[in-house]
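In the text below, chain A, chain B and the rest are named by the order of the sequence lines, each starting its count at 1. Just so you know, these numbers use all the heavy atoms, side chains as well, and skip hydrogens, waters and symmetry mates.
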2 protein chains.
Amino acid sequence: MAHLARGEGDALLDRFRRHLRDHRLPFTRQRALLAEIVLFSEEHLSAEVIARKLADKGERVGTATVYRTLDLLVLSGVVRLHDFGEGFRRYEPMAGPADHEHLVCLRCGAVEEFSNDRLARMLPVLADEHHFQHQRHRVEIFGLCHACQQRDLKGLR
Amino acid sequence: MAHLARGEGDALLDRFRRHLRDHRLPFTRQRALLAEIVLFSEEHLSAEVIARKLADKGERVGTATVYRTLDLLVLSGVVRLHDFGEGFRRYEPMAGPADHEHLVCLRCGAVEEFSNDRLARMLPVLADEHHFQHQRHRVEIFGLCHACQQRDLKGLR
DNA sequence: TTGCCTGCAAAGTATTTGCATAACA
DNA sequence: TGTTATGCAAATACTTTGCAGGCAA
């Protein structure tokens, strides 16, 4: 992960604030707290993890507010929603215009990102071959992350 | 869809029966009914749709049995489980050893399949470049199916 | 017969909604 | 001050589990 350039989180936060202002929606304490957690995170957070981070800070924020604010962040275009088929959703800061794909570790659940031009160019072409109009896509590779591979090697010795 | 060669459903059904026999598990009426619906389907069915198909046949099969039998079908390796992030899961007959990817229509929800050798070879390589051990992957392209594109064109005239 | 299965209903998990109160602009 | 948000709790959607009774081998 760790794709956010310094200041990128700030830019997203600004965009979020602008979105709220443009729609005459208040920038509340809860929204600020949530936005900060998600927009400056290097991970793909779940609603539950976000709620726990708030609780750890000593902030009392209701579950409904967490979900409603996440919706708002997605609507503002500063956060991207993911469903890796785990039974819950994850949220990550929108990292510039560059799309990226995911590597999901089946052992430890870690999620890494990658992007590849050749892949990105290929998918709309493949769609077209099937008379399908590509709008967006999702590529996920499931397997073992580097750390878990190392751990396996150690275990075998 | 429509990828199943004639007789392929029968082969899968045989494999399912063999799996049950090998594990000393009974081949019950419900399991036969469910297997038939899923293994001979051309679509990616949800548990709900499967239950409805059973009900339409006048068969009374409990929800729990539907889910438990689907688990069994997945375990036997004759059915593949999918989660397209719709809030529920879908099941499709395992179509030979050839992996395929999905085209999901955002308008009508139709799911088409496709496969591409170059793509299939590319993904393990990309994983490897990130020191990630590829086990399986998921490629989904979201957009408009041919029918929905046509419909749009008509609407514009 | 014996073990596994089945249906039902209750529990579980993640998320959404309704409503009285509270906070923002 | 007038919206709109918030927290709580109840509701929802899909799936899983527990249990008493019922089939398959």
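Residues passing the side-chain contact (heavy atoms from CB on, under 4.5 Å) test with A:R89, sequence neighbours excluded: A:L81, A:Y91. With sequence neighbours excluded, the residues satisfying side-chain contact (heavy atoms from CB on, under 4.5 Å) with B:H137 are A:I141, B:E101, B:L123, B:H134, B:V139. Looking at residues two or more places apart in sequence or on another chain, you find a ring pair (Phe, Tyr, Trp, His ring centres under 6.0 Å) between B:F84 and B:H82, B:H102. Every residue two or more places apart in sequence or in another chain that forms a side-chain contact (heavy atoms from CB on, under 4.5 Å) with A:F27 is listed here: A:F16, A:R17, A:L20, A:A32. In terms of the salt bridge (charged side-chain N to carboxylate O under 4.0 Å, His left out) criterion, A:R136 has no residue partners (sequence neighbours excluded). Residues meeting the side-chain contact (heavy atoms from CB on, under 4.5 Å) test with B:H131, sequence neighbours left out: A:H146. A:R18 meets the side-chain hydrogen bond (donor to acceptor under 3.5 Å, both in side chains) test with no other residue; sequence neighbours excluded.
Among pairs with a residue in residues 48-68 of chain A, those fulfilling side-chain hydrogen bond (donor to acceptor under 3.5 Å, both in side chains) read A:R29-A:E59, A:E48-A:R52, at least two apart in sequence or across chains.
If you measure from atom CD of B:E59 to atom P of D:dC23, you get 14 Å, rounded to the nearest angstrom. Nucleotide D:dG21 holds its P atom 21 Å from the CZ atom of B:R60, rounded to whole Å. To the nearest angstrom, P of D:dC23 lies 15 Å from CZ of B:R31.
Comparing B:D71 and A:L72 along DNA chain D, the residue whose closest nucleotide (by nearest heavy atom) sits nearer the 5' end is A:L72.
A heavy atom closer than 4.0 Å to some atom of DNA chain D occurs in A:L25, A:P26, A:T28, A:Q30, these being the qualifying members of residues 20-30 of chain A.
Boundaries of the chain A contact region on DNA chain C are C:dA14 to C:dA25, first to last in 5' to 3' order (nucleotide atom under 4.0 Å from a heavy atom).
Salt bridge B:E92/B:R90: absent, no basic N to carboxylate O contact under 4.0 Å.
Under the 3.5 Å distance criterion, the side-chain polar atoms of A:Q133 are left unmatched by any main-chain donor or acceptor of B:G143.
Taking CZ from B:F40 and CG from B:L12, the interatomic distance works out to 8.0 Å, rounded to the nearest 0.5 Å. The CG atom of A:L34 lies 8.5 Å from the CD atom of A:Q30; values are rounded to the nearest 0.5 Å.
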Exercise for the section: Verify side-chain contact (heavy atoms from CB on, under 4.5 Å) between A:L25 and A:L72, making sure each step is shown before the conclusion. Expected result: CA-CA 10 Å; A:L25 301 174; A:L72 217 42; 4.3 Å; yes

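Defining each end axis of the helix from C:dT1-D:dA25 to C:dA25-D:dT1 as the rotation carrying four pairs' C1' atoms onto the next four, with five pairs an end, the two axes are found to diverge by 30° to 10 degrees.
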Atom pairs under 3.5 Å: protein N/O with N/O of nucleotides 13-15 of chain D:
{"from": "D:dT15", "atom 1": "OP1", "to": "B:R89", "atom 2": "N", "distance (Å)": "2.9"}
{"from": "D:dT15", "atom 1": "OP2", "to": "B:Y67", "atom 2": "OH", "distance (Å)": "2.3"}
{"from": "D:dT15", "atom 1": "O5'", "to": "B:Y67", "atom 2": "OH", "distance (Å)": "3.2"}

